[in-house]
Each structure stands twice: as structure tokens, then as C-alpha cells.
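All remarks here apply to the structure that follows.
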Amino acid sequence: AQSVTQLDSHVSVSEGTPVLLRCNYSSSYSPSLFWYVQHPNKGLQLLLKYTSAATLVKGINGFEAEFKKSETSFHLTKPSAHMSDAAEYFCVVSDRENNFNKFYFGSGTKLNVKP
Amino acid sequence: GAVVSQHPSWVICKSGTSVKIECRSLDFQATTMFWYRQFPKQSLMLMATSNEGSKATYEQGVEKDKFLINHASLTLSTLTVTSAHPEDSSFYICSAREGSEEKLFFGSGTQLSVL
């Protein structure tokens with residue numbers, strides 16, 4: 001069975017400081033992992049994905065995430081937060097158990113960026 | 001990038017009426033479409049998966065007769081909430097993927113309010 005745990009429901013940072021959004025997963029098979037961002041009243045946008053290639057994945061808008069199998073983690077980071085990063089972020093897992101046909105979402109982390 | 005158009009973006013209806021939500025892939029052929037439901041401050045919950053030309057696969061606990069899904073073409077899937085009740089009020093989001101691609105493209109969502 002697959003599941004995703006986002007440890008923090010809310011994260012607040014000051015503009016220009018680093019961002020860390022935590023995600024842990026469980027999967028019986030080698031997973032594919034994604035981070036999506038949802039701005040208010042908008043659809044979800046893919047930030048980055050990991051699909052068994054390089055463990056450090058770079059995404060859009062300066063975000064990156066590192067796949068750590070030993071820790072079953074896929075934390076999202078950004079060196080310097082921008083006001084426009086304020087949004088809700090979802091960590092997502094899928095694997096070949098369901099032929100990558102099912103995507104399991106974490107509960108989301110709302111990022112607040114203070115000026 | 002690929003675009004998924006979902007409409008209406010919001011709809012208010014009376015209890016007992018039916019509401020249809022459309023999801024279109026504008027520049028690619030969506031072999032698989034997914035329908036999610038999102039309650040306030042919660043994550044996305046997969047309702048059903050539909051493949052073009054075949055019956056949708058519903059997740060456990062989702063009523064097939066209440067949430068009718070049609071995926072008649074490679075660019076269009078519809079979700080009809082039949083005999084809507086206030087407890088059906090929610091944010092519904094569709095997503096689509098092309099072929100065996102693992103990446104999902106999301107619509108902007110539909111806020112349904114049932115009075």
C-alpha cells in the first residue's frame with residue numbers, strides 16, 4: 001500500500017530565508033514522487049518529479065527535492081523564499097503496483113511567506 | 001505545456017438537481033483522466049479513474065450512480081453529480097495524462113455549492 005505523510009500542515013518563513021517542506025512516503029515498490037503547488041482558486045501545477053533517475057531533482061521556480069530511500073523521504077527545499085511562493089504544496093506518490101495509475105496525495109502544507 | 005480546461009469554475013444549484021462538470025485536454029490526447037474531490041483544508045481524494053471508451057473505475061466509498069463519469073473521447077471527460085445534496089458541496093478537480101506519462105495535468109477546479 002502507498003501513503004504520503006506531510007509532517008507540517010503550515011510553514012511560515014520570512015522572505016529571503018530557506019524553505020523546507022517535509023514529505024515521507026511508504027510504498028511497496030520503487031515509487032515515483034512528485035511535488036505539486038496549488039495557488040488560491042487555481043489548479044495544481046507540477047513543481048518537480050522523481051522517477052528513479054537522479055536522486056536530487058530540480059524543479060521550477062528554484063525548488064528542488066532529494067529522494068532519500070533510506071529515510072523514505074522526499075523533502076522540498078528552496079534556498080530563498082519569495083512572496084509569490086505562498087501557496088499550498090502537495091507531495092504525491094505513485095508506483096507500479098497500480099501501473100502508475102493511482103496518485104496518492106499528502107494532506108498538504110500551506111506555506112506562508114512574511115515580508 | 002499541456003493545458004487542461006475545466007468548467008464551470010463554480011456552480012450553485014438547488015438540492016435535488018444534477019450538475020455536469022467538463023474536463024478537456026486542449027493540446028494533447030488524454031488516455032486517462034482522474035477526478036478528485038477536495039474538502040476545505042484537506043487533501044485531494046481520488047474519486048475515480050476513467051480511460052477513454054471504457055467504464056470508470058471508482059474508488060471505494062464513491063457512489064457510481066451518484067457521480068456519473070463519461071470519457072467518450074480522448075479530449076473530454078465529464079462528471080455529473082446527480083440529485084445533488086448539500087453534503088456534495090466541495091471542490092472538484094480533474095486531471096489528465098497522456099499515454100503512459102506519469103505526469104498529471106490538472107484543471108483549475110470546480111467549486112460546487114448545493115443549497
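Every chain is numbered from 1 and lettered A, B, ... according to where its sequence line falls, protein lines coming before strand lines. Worth knowing before you read on, the calculation uses all heavy atoms, side chains too, and leaves out hydrogens, waters and symmetry mates.
Of the atoms belonging to B/Ile93, it is side-chain heavy atoms, and not backbone ones, that fall under 4.5 Å from chain A. Using a 4.5 Å cut-off between heavy atoms, A/Leu46 touches chain B through its side chain atoms alone. For B/Glu59, the part sitting under 4.5 Å from any heavy atom of chain A is the side chain, from C-beta outward, and nothing else.
Hydrophobic cluster membership for A/Leu7: none, as no Ile, Leu, Val, Met, Phe, Trp or Tyr side chain comes under 4.5 Å of it. With side-chain heavy atoms closer than 4.5 Å counting as contact, directly or through intermediates, the hydrophobic cluster containing B/Met47 also holds B/Val11, B/Val19, B/Ile21, B/Trp35, B/Tyr58, B/Val62, B/Phe67, B/Ile69, B/Leu79, B/Val81, B/Tyr92, B/Leu112, B/Val114.
Atom NZ of B/Lys66 has more than 12 heavy atoms from other residues, nucleotides or ligands within 6.0 Å.
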Practice task
With side chain to side chain contact (heavy atoms under 4.5 Å, CB included) as the test, would you mind laying out the steps for A/Phe67 and A/Leu33 before giving the verdict?
Solution key: CA-CA 8 Å; A/Phe67 173 69; A/Leu33 293 155; 3.4 Å; yes
